[in-house]
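Notes for the one structure printed next.
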Amino acid sequence: MEEANVVEAKDGTISVASAFAGHQEAVQDRDHKFLTRAVEEAYKGVECGHGGPFGAVVVRNDEIVVSCHNMVLEGTDPTAHAEVTAIREACKKLSKIELSDCEIYASCEPCPMCFGAIHLSRIKRLVYGAKAEAAIAIGFDDFIADALRGTGFYQKAHLEIKRADGNASRIAEQVFEKTKAKFPIY
């Protein structure tokens, strides 16, 4: 029987790495195949004018569920990043809101919004190609790397953030208490 390396992280998650010969190479080949598809999507999105050079592929059981690219310009939707679009399409195609049996391959390191969508969809694995700095180098917002790495001051946002005072905030909080029984999945 092959040996396995078991590692428990601080958050209690357990990772098992197989020690059999060729396992890492097989994983690398598989990752390369799906990441290449995400990069092809990035080129496709730029060529047809849909948005920036970002692509994403959602995979389940070694099969591509969806392959998407950035649709920000096409849909005049600043949230239509490749990863978000892929998650939306995969959820529709699989008729479910959680993708815990899926992986996502992204051509570039996800921005905070995309990472949030990946987290909320319960995707089990993320593999990305380029670091955020590659996108920043050609003019994309440095908020991506700043937020991921805890650097910078987010000066470009120019956004006032304020919690409502008094009764308005209490009414908003009550919606959670009054509807919690309707959401047993959480």
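If you read the sequence from its start, that first residue is 1, and numbering goes on from there.
Hydrophobic clustering, with ILVMFWY side chains joined whenever heavy atoms are under 4.5 angstrom apart, keeps Val84 apart from Met71. If you chain together hydrophobic residues whose side chains sit under 4.5 Å apart, Phe54 and Ile138 fall into the same group. If you chain together hydrophobic residues whose side chains sit under 4.5 Å apart, Leu126 and Val58 fall into the same group.
Contact check for Thr85 versus Val66: no side-chain heavy atoms found under the 4.5 Å cut-off. Considering only heavy atoms from C-beta on, Asn61 stays 4.5 Å or farther from Asp101 through its side chain. Between Leu94 and Arg60, the closest side-chain pair of non-hydrogen atoms falls below 4.5 Å. Using a 4.5 Å cut-off on side-chain heavy atoms (C-beta onward), Pro110 and Ile104 make no contact.
Under the side-chain hydrogen bond (donor to acceptor under 3.5 Å, both in side chains) criterion, Glu47 pairs with no residue at all, not counting sequence neighbours. Not counting sequence neighbours, the partners of Ala42 by the side chain to side chain contact (heavy atoms under 4.5 Å, CB included) test are Ser107. With sequence neighbours left out, Asp77 forms a salt bridge (Lys or Arg N to Asp or Glu O under 4.0 Å) with Arg88. Taking the salt bridge (Lys or Arg N to Asp or Glu O under 4.0 Å) definition, one finds that Lys92 meets it with Glu89, sequence neighbours left out. The side-chain hydrogen bond (donor to acceptor under 3.5 Å, both in side chains) check on Thr36 picks up nothing, with sequence neighbours excluded. Under the side-chain hydrogen bond (donor to acceptor under 3.5 Å, both in side chains) criterion, Lys44 pairs with no residue at all, not counting sequence neighbours. Under the side-chain hydrogen bond (donor to acceptor under 3.5 Å, both in side chains) criterion, Glu74 pairs with no residue at all, not counting sequence neighbours. Taking Asp29 as the reference, nothing meets the salt bridge (Lys or Arg N to Asp or Glu O under 4.0 Å) condition, with sequence neighbours excluded. Partners of Glu63 by salt bridge (Lys or Arg N to Asp or Glu O under 4.0 Å), not counting sequence neighbours: none found.
Note that NZ of Lys178 is 8.5 Å distant from CD1 of Ile171, once rounded to the nearest 0.5 Å. Rounded to the nearest 0.5 Å, atoms NZ (Lys96) and SG (Cys91) are 8.5 Å apart. Glu83 CD to Cys108 SG: the interatomic distance, rounded to the nearest 0.5 Å, is 8.0 Å. Remark: Glu98 CD to Ile123 CD1 distance equals 10.0 Å, nearest 0.5 Å.
Here the closest heavy-atom approach between residue Ala172 and residue Val175 is recorded as O-CG1, 3.0 Å. Ala86 and Cys68 make their closest contact through CA-SG, 3.6 Å (heavy atoms, listed as atom of the first residue, atom of the second, distance).
Listed for the Thr76 side chain is no donor-acceptor partner under 3.5 Å among the backbone atoms of Leu73.
Among residue pairs with one or both ends in residues 82-101, none qualify as ring-ring contact (aromatic ring centres under 6.0 Å, His included); sequence neighbours excluded. Note on residues 64-83: pairs passing ring-ring contact (aromatic ring centres under 6.0 Å, His included), not counting sequence neighbours, are His50-His69.
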Under the side chain to side chain contact (heavy atoms under 4.5 Å, CB included) rule, what do Arg37 and Glu40 come out as? Steps first, then yes or no, please.
CA-CA 5 Å; Arg37 182 70 180 270; Glu40 289 169 357; 3.6 Å; yes

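Applying the 4.5 Å side-chain rule to ILVMFWY residues, one finds Phe34, Leu35, Val57, Val59, Ile64, Tyr105 in the same cluster as Val127.
Taking the charged nitrogens against the carboxylate oxygens, Asp31 and Arg125 do have a contact shorter than 4.0 Å, which makes a salt bridge.
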